[in-house]
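For reference, the structure is listed below as structure tokens.
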There are 2 protein chains.
Amino acid sequence: MSAEIKKFTERQEEIANFANALAHPVRVAILDLLASKACCYHGDMADELPIANSTLSQHLKVLKDAGLIQGEISPPKTKYCIHRDNYKKAGEIFSFFFENPLETTFSEEGIILCS
Amino acid sequence: MSAEIKKFTERQEEIANFANALAHPVRVAILDLLASKACCYHGDMADELPIANSTLSQHLKVLKDAGLIQGEISPPKTKYCIHRDNYKKAGEIFSFFFENPLETTFSEEGIILCS
DNA sequence: CATAATGTTCGTACATTTGCGAATAATTAG
DNA sequence: CTAATTATTCGCAAATGTACGAACATTATG
């Protein structure tokens, strides 16, 4: 009944944000490309990916807004790179999230009831 | 021109799937709850989370479909746990994805042009 | 058996995401 | 200056995601 407005922690929002950026295979593929080639022009990626040019721009925007990549515009070309600091940060956040999902004692089946 | 139909790798799809499961703060919060308490009933979580019961069911379904949790139905109660094997696997996949985004040589600014 | 407790499913509403081609902007090349 | 190159933005359509309450199913309780 205590009608406390519950929201989520900063950390939970942050994880969700990074996860959202990775939540489409083409965006994972983009990061793979950038990770392997250091930097790529939009056109280089467009050649490798099975999507229209305009769609690629949209996905790049999502990754950029999430902070995982950065773009350097020098028209008519645009060069994209991984944003190393944030990329590292994302990796650490996920690492921490997944490590030791449980440190408590277990029943025989490895399960504990709660409350 | 070689109109090769490009899709994504299994790994890329897998990452995107797990990421998608984490792409909403309430689902991160659910995993936090399960990680800390080992197992929880639906009702326990409903008390902690600012969403309707039916909405919680939907989010639990997403996590279950992604393989990150498992549910044991014994009506009228349902007990959920983290799916340890898959959870671990997800952690490893993300670890691997984020580690060493770049092992190549760098220019002075830490950037290489490609192609 | 009737009622309560617990969750899921259904139906609906609304917002967001994804995708494409066309139009646009900005520079380079002829 | 004109045309070509490159990438973004716009407008649209289709699909998906999020959220809720109501209806339903299943078991426990009186």
Side-chain angles (χ1 to χ4, degrees), chain A residues 1 3 5-8 12-13 16-30 33-34 39-66 68-81 113-115, chain B residues 1 3 5-8 12-13 16-30 33-34 39-66 68-81 113-115:
Chain A
M1 294 310 157
I5 299 166
K6 287 226 184 186
K7 285 300 164 191
F8 307 105
Q12 287 166 343
E13 301 272 9
N17 269 331
F18 281 133
N20 185 64
L22 298 182
H24 192 297
V26 83
R27 291 199 288 267
V28 177
I30 289 170
L33 283 175
L34 293 180
C39 277
C40 271
Y41 290 100
H42 180 120
D44 299 327
M45 293 187 272
D47 292 342
E48 307 273 346
L49 300 171
I51 54 173
N53 226 302
S54 55
T55 307
L56 176 54
S57 272
Q58 284 182 125
H59 285 295
L60 288 169
K61 180 167 164 33
V62 173
L63 288 171
K64 197 172 161 190
D65 288 348
L68 290 176
I69 67 173
Q70 55 196 147
E72 185 182 316
I73 305 171
S74 46
K77 294 208 162 197
T78 309
K79 188 175 61 183
Y80 285 98
C81 315
L113 306 181
C114 73
S115 81
Chain B
M1 294 313 154
I5 300 166
K6 287 227 184 183
K7 286 299 165 193
F8 307 103
Q12 286 164 345
E13 301 273 8
N17 269 330
F18 281 135
N20 185 63
L22 298 182
H24 192 296
V26 82
R27 291 198 289 268
V28 177
I30 288 170
L33 283 177
L34 292 180
C39 277
C40 272
Y41 290 102
H42 180 119
D44 298 328
M45 293 188 272
D47 291 342
E48 306 275 344
L49 300 171
I51 55 174
N53 228 300
S54 54
T55 307
L56 176 54
S57 273
Q58 283 181 126
H59 284 296
L60 288 168
K61 179 166 164 36
V62 173
L63 288 170
K64 197 172 162 190
D65 289 347
L68 290 176
I69 67 173
Q70 55 195 149
E72 185 183 316
I73 305 171
S74 46
K77 294 209 164 199
T78 309
K79 187 174 63 183
Y80 285 98
C81 315
L113 305 181
C114 75
S115 83

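Computation of the quantities below employed the complete heavy-atom set of this structure, encompassing side-chain atoms and omitting hydrogens, waters and symmetry-equivalent molecules.
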Nearest whole Å is fine: how far is [N] [atom2] from [X] [atom1]?
X	N	atom1	atom2	result
B:Leu60	D:dT18	CG	C1'	14 Å
A:Lys77	D:dA4	NZ	P	18 Å
A:Ile51	D:dA7	CD1	P	13 Å
A:His42	D:dT8	NE2	C1'	8 Å
A:Leu56	D:dT8	CG	P	7 Å
A:Asn53	D:dC10	CG	C1'	15 Å
B:Leu49	C:dG7	CG	C1'	15 Å
B:Tyr41	C:dT8	OH	C1'	17 Å

*Report the residues that fulfil ring pair (Phe, Tyr, Trp, His ring centres under 6.0 Å) with B:His59, sequence neighbours left out, ordered by chain and then residue number.*
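Counting only residues at least two positions away or on another chain, B:His59 forms a ring pair (Phe, Tyr, Trp, His ring centres under 6.0 Å) with B:His24.
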
Between [X] and [N], is there a contact of a side-chain N or O with OP1 or OP2 at under 4.0 Å?
X	N	value
A:His59	C:dG19	yes
B:Thr78	C:dG7	no
A:Tyr80	D:dT8	yes

Close N or O pairs between protein and nucleotides 23-30 of chain D (under 3.5 Å):
from, atom 1, to, atom 2, distance (Å)
D:dT27, O3', B:Pro75, O, 3.4

*Could you list the residues that satisfy side-chain contact (heavy atoms from CB on, under 4.5 Å) with B:Glu13, not counting sequence neighbours?*
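Listed in chain order: A:Pro25, B:Phe8.
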
*Under the side-chain contact (heavy atoms from CB on, under 4.5 Å) rule, collect the residues that match up with A:Leu60, sequence neighbours excluded.*
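A:Leu60 satisfies side-chain contact (heavy atoms from CB on, under 4.5 Å) with A:Ile30, A:His42, A:Met45, A:Leu56, A:Ile69, A:Tyr80 once adjacent residues are dropped.
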
*Are the side chain of B:Arg27 and the backbone of B:Ala21 linked by a donor-acceptor contact shorter than 3.5 Å?*
yes

*Is a donor-acceptor pair below 3.5 Å formed from side chain A:Ser54 to base C:dG21, judging by atom type as modelled?*
yes

*How do B:Ser57 and A:Gln58 order along DNA chain C: which one's closest nucleotide is nearer the 5' end?*
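Nearest nucleotide further toward 5': that of B:Ser57.
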
*Return the set of residues passing side chain to side chain donor-acceptor pair (under 3.5 Å) with A:Lys61 (not counting sequence neighbours), or none when no residue passes.*
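Partners of A:Lys61 under the side chain to side chain donor-acceptor pair (under 3.5 Å) test: A:Asp65.
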
_So if I take every side-chain heavy atom of B:Arg27 and compare against C:dT18, D:dC20, D:dT18, which nucleotide ends up nearest?_
D:dT18

